[in-house]
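As structure tokens, the structure follows; a few thoughts come after it.
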Amino acid sequence: MERAAYDPHAVQERWLPVWDRLDLYRAGRADGNVEGGAAKKYVLDMFPYPSGDLHMGHAEAYGLCDVLARYWMRRGFDVMHPIGWDSFGLPAENAAIRRDEHPATYTYANIETQAESFRRYAISFDWTRRLHTSDPDYYRWTQWLFLRFRERGLAYRKSSAVNWCPQDQTVLANEQVVQGACERCGAQVTKRELTQWFFRVTEYADRLLADMEQLRGHWPERVLLMQKNWIGKSLGAHVDFEVSGQTVTVFTTRPDTLYGATFFVVAADAPLALELCAPERRAALEAYRDQVRRLSDIDRQATDREKTGVDLGVTALNPVTGKQIPVYAADYVLADYGTGAIMAVPAHDQRDLDFARAFGLPVRVVIDTGAADPAESGVATTGDGVVVNSGPYDGLPKDEAISRIVTDLETRGGGKGAVNFRLRDWLISRQRFWGPPIPVVHCGACGEVAVPESELPVRLPDLRGAALKPVGTSPLGAATDWVNTTCPSCGGAATRDTDTMDTFVDSSWYFLRFCSPDYQDGPFDPAAVREWMPVAQYVGGVEHAILHLLYSRFFTKVLQDMGMVDFPEPFLALMNQGQVINQGKAMSKSLGNGVDLGAELSRFGVDAVRLTVVFAGPPEDDIDWADVSPAGSVKYLARVARLAEDVGGLAGAGRDASVDRAVARTVDEVTRLIEAQRLNVVVARFMELTSSLRKAVDAANPAAASLRDGVEALAVMLGCFAPYTAEEVWSRLGHDVEAGDSVHATTWPVADPALLIEDTVTCVVQVAGKLRDRLVVPPDIAEDDLRALALASDAVIAALDGRDVKLVVVRAPKLVNVVPA
RNA sequence: GCCCCCGUAGCCCAAUCCGGCAGUGGCGAGCCACUUAAAAUGGCUGAGUUGUGGGUUCGAAUCCCACCGGGGGCACCA
């Protein structure tokens, strides 16, 4: 008999226009046709940057997220699954220079390409909520939020050393500096002192850390760990030292080693170094500072570097020993961590010891750890031990000494317990064009003045091509007509701020905008946000583990403090999909191992690619495209289509308990597996069910009703993974999809609990832990009966070989273990 | 250097949470059927010291310890 061929492309062409017409994925209108009514679920993928067309990475991330979104739709939830574009950013600007056009041209053309690809890839997006961060309607509210942050003292300007690329004559974001070099041109990045805008994220450090407890279990553990390390909370103390009549405070995590502080170091690039320096050492310090400034980041960060520094010719008073200790400036002390000055305890800190050995400074052991003397061994002892050489504290264990010394410092003055964070304030200024302009005007008379809300957005001027070339200042600065303005406060002549904001600012609140994308009275409608937020499931790559996720968490907390939202965390659950690699390596042009998504889709079809990325392994694992087989997925989907064809033609109402049980077991297990996000295992279960239904059909099983129900259940579940094929199957079973009876508008199958109970169980019988026999028993068999059955088994008697039985372990109904003497 | 995760068949994965038959999926390999032949399709088969060593247990892939190998994060943060 001639089989109906399975042509994935024909199936796509057939159903895509029908789905467009049926408008299946609009949020906010679920009919609550499943128990539990229509509870809301907000499912979100990290929105894409519009660089070219979609690639394999998108295929995986959006494919995985779509399974979850569709599953919850089938479970009767009112699901919001929106899409938008993170459409400001440097690549568009570079393309515009190259092609002599406006960045918007490249950006919006790519967006259209990606949107069409998403549509064909059959992601269940609610297209009515689409947004682009580069639209004035969007960045108007990015600017509005900036002004609210500024009112609260959370946005401020300060002078700071930033990454500078001498080749491109421009400031670079940290993420554009790869191992000390400019990611664009490869030049060594240096530091340059510039006045920049910052967000005061450090004020939220403690809450960002503490609230991670709410995320534990729902976010990948390693992401929480990375954020924890990034925030870097350290407990310790501030201790005051007198230097030339001036009080200089240091931060230390080891107040117990105060008696071992034999010298004092300030960061060479901190202003404090100049203040403390004796006049006769001034020239030496300036020379050293020049030398430090010329160092590239990559050199400066090398930990095995020789310690360098310069004696400042002054001394500091150790507050507990009463001794004057020398003061140095060195580049191993960081200007922007702690107070920019340290007490150096060479015996118990490796860096201080290295410095002491280089400069011939004394080493004084104050904690006896039992290890060799650091002065001899060159290895600082940082472990636990007993306090020595420390006056009244001698003999105390380390931890007790810490609390005693801190208490004494607080009582006597001169110090107190303190907490310090590694987290730095977020530098948001960019000397670039394609971003939201900072809505501030600089007036000679009034200073910094906010642009009034009624004048937002501050639109970008119409610059293109060569006008965007980096010249060391923002391209906005050259747009004279745009820069020159009047002061909103006094009406006098003033200039606009020429910085634009980091694109991470745009993406720190887009998930809120999706709740009410057309809202005109604020960044979002509070009622809509109450309805949808927080995001129930967020999906994206682990490369955003810190920046985007930390900033979004920060924004949410600020908005909570402003009373605009009533929750502290934006994303209740997070899934990190792995990367798609090829032949063991990240895909790249230079390696020639790239896999083109469009080519794969043309060859195998959308469903096969979607199924392959899900089936390849656990969602969070990388997929090596060389290890997987989209051709195998095509084969499987064709098998399902043929099964539907055969079953669709069966007549009759016959049922078969073993078929019904197999279906019920699969439904039950697949449901639990999806909830646990074990999506690769789900596909294996589909394949098993398909095989067993196939066998039943081939055996001329008369249970037509059971088989039909089974294939229907399979179609509904498979619809979340391979939406086109599932619709085709659904249609072959006789459903009128064009009339609205789509597999993507139906409800998830329910397993009858009665079918999940087995009438018999296979009991394993072991002798001394080795498998010797299997017994088929009722599931509710009594322990004693099972023991008797097992002991009577011929195989057991043979294995015992006359030995006495010492112990019989019975775990009814699954196992008996007979232990011989 | 510090911290985290992972080692199961030639390869990708199940079984690990909560100890109880190492397989139930895929790729590849081999064989068979269909075919003039091939492709496609269907069926069948084989493959294991569960990284290594030790411990706990009646029983360990699973729990504990050490080591080896791989991946990742942080790193002059006091």
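Computation of the quantities below employed the complete heavy-atom set of this structure, encompassing side-chain atoms and omitting hydrogens, waters and symmetry-equivalent molecules. Letters A, B, ... are given to chains in the order of the sequence lines, protein chains preceding strands, and every chain is numbered from 1.
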(message) Return the pairing partner of B/rC13 with a 3.5 Å limit on both distances, Watson-Crick or G-U wobble; otherwise return none.
(response) B/rG23
(request) Indicate the ring-plane relationship of A/Phe251 and A/Tyr337, choosing parallel, tilted or perpendicular according to the 30° and 60° boundaries. (result) perpendicular
(request) Answer yes or no: does a side-chain N or O of A/Ser629 lie under 4.0 Å from OP1 or OP2 of B/rG28? (result) no
(request) Determine the Euclidean distance between corresponding P atoms of B/rA15 and B/rA75; express it in Å to zero decimal places. (result) 35 Å
(message) Without decimals, in angstroms, what is the distance between A/Asp354 CG and B/rG1 C1'?
(response) 12 Å
(message) Measuring from atom CG of A/Asp624 to atom CD of A/Gln583, what distance do you get when rounded to the nearest 0.5 angstrom?
(response) 7.5 Å
(message) Can you check the distance between B/rC67 and B/rG72, where both ends of the measurement are the P atom (answer in whole Å)?
(response) 22 Å
(request) Could you tell me whether A/Arg672 and A/Glu669 have a side-chain N and a carboxylate O separated by less than 4.0 Å? (result) no
(request) Take atom CD of A/Gln579 and atom P of B/rG71, then tell me their distance rounded to the nearest Å. (result) 14 Å
Any N/O pairs under 3.5 Å between the protein and nucleotides 11-15 of chain B? List them or say none.
unit_1 : atom_1 : unit_2   : atom_2 : d
B/rC11 : O2'    : A/Asp627 : OD1    : 3.3
B/rC12 : O2'    : A/Ala616 : O      : 3.0
B/rC13 : O3'    : A/Asn680 : ND2    : 3.3
B/rA14 : OP1    : A/Asn680 : ND2    : 3.3
B/rA14 : O3'    : A/Arg678 : NH2    : 3.3
B/rA15 : OP1    : A/Arg678 : NH1    : 2.9
B/rA15 : OP1    : A/Arg678 : NH2    : 2.3
B/rA15 : OP2    : A/Arg678 : NH2    : 3.1

(request) Taking only Lys NZ, Arg NE, NH1 and NH2, and the carboxylate oxygens of Asp or Glu, determine whether A/Arg642 and A/Asp646 approach each other closer than 4.0 Å. (result) no
(message) Can you classify the ring geometry of A/Phe359 versus A/Phe355 as parallel (below 30°), tilted (30 to 60°) or perpendicular (above 60°)?
(response) parallel
(request) Round to a whole Å and report the spacing from CG of A/Asn229 to P of B/rG72. (result) 17 Å
(message) Looking only at side-chain N and O atoms, does A/Thr339 offer a donor or acceptor that is under 3.5 Å from a partner on A/Thr249?
(response) no
(message) Heavy-atom nearest nucleotide on RNA chain B for A/Arg254 versus A/Leu807: which residue maps closer to 5'?
(response) A/Leu807
(request) Assign the ring pair A/Trp426 / A/Tyr551 to parallel, tilted or perpendicular, where the plane angle (0 to 90°) is split at 30° and 60°. (result) parallel
(message) Quick test of your reading of the model: are A/Arg787 and A/Asp784 salt-bridged, counting only N-O distances below 4.0 Å?
(response) yes
(message) For B/rG69, give the paired nucleotide (Watson-Crick: N1-N3 plus N6-O4 or O6-N4; G-U: N1-O2 and O6-N3; both under 3.5 Å), or none.
(response) B/rC6
(message) Whether A/Asp206 and A/Lys233 form a salt bridge (side-chain N of Lys/Arg under 4.0 Å from carboxylate O of Asp/Glu) is what I want to check.
(response) yes
(request) State whether the distance check finds a donor on one side and an acceptor on the other, under 3.5 Å, for side chain A/Lys307 versus base B/rC76. (result) yes
(request) Among B/rA78, B/rG73, B/rG26, find the nucleotide with the atom closest to the side chain of A/Ser234. (result) B/rA78
(message) When the P atoms of B/rG48 and B/rG10 are compared, how many Å lie between them, rounded to an integer?
(response) 7 Å
(request) Sticking with atom P, work out how far B/rC17 lies from B/rC6, rounded to a whole angstrom. (result) 12 Å
(request) Measure the distance from CG on A/Asp624 to C1' on B/rC27 and round it to the nearest whole Å. (result) 13 Å
(request) Report the distance from atom CG of A/Asp331 to atom C1' of B/rA78, rounded to the nearest whole Å. (result) 15 Å
(message) Using atom C1' in both nucleotides, what's the gap between B/rG53 and B/rG7 to the nearest angstrom?
(response) 16 Å
(message) Using the rule given for side chain to side chain contact (heavy atoms under 4.5 Å, CB included), can you reason through A/Leu771 versus A/Val764, listing the C-alpha separation, both sets of side-chain angles and the distance that settles it, and then say yes or no?
(response) CA-CA 7 Å; A/Leu771 175 69; A/Val764 178; 3.1 Å; yes
(message) Go nucleotide by nucleotide along RNA chain B from the 5' end; which of A/Ile342 and A/Leu225 gets its closest nucleotide reached first?
(response) A/Leu225
(request) Check if the side chain of A/Gln350 and the base of B/rG1 share a donor-acceptor pair of N or O atoms closer than 3.5 Å. (result) no
Please write out the pairs of protein N or O atoms and N or O atoms of nucleotides 40-43 of chain B separated by less than 3.5 Å, giving the distance to one decimal.
unit_1 : atom_1 : unit_2   : atom_2 : d
B/rU41 : O3'    : A/Arg642 : NH2    : 3.1
B/rG42 : OP1    : A/Arg639 : NH1    : 3.0
B/rG42 : OP1    : A/Arg642 : NH2    : 3.0

(message) Without decimals, in angstroms, what is the distance between A/Arg357 CZ and B/rC76 P?
(response) 21 Å
(message) Within this structure, what is the CZ-CZ distance for the pair A/Arg293 and A/Arg289, rounded to the nearest 0.5 Å?
(response) 5.5 Å
(request) Grab the OH-P distance between A/Tyr332 and B/rA75 for me, whole Å please. (result) 19 Å
(request) Determine: side-chain N/O of A/Arg811 to OP1/OP2 of B/rC58, distance under 4.0 Å, yes or no. (result) no
(request) Mark yes or no for a side-chain to base donor-acceptor pair under 3.5 Å between A/Arg222 and B/rC4, with no hydrogen or angle criteria applied. (result) no
(request) Rounded off to whole Å, could you give me the CG-to-C1' distance for the A/Leu815 and B/rA60 pair? (result) 14 Å
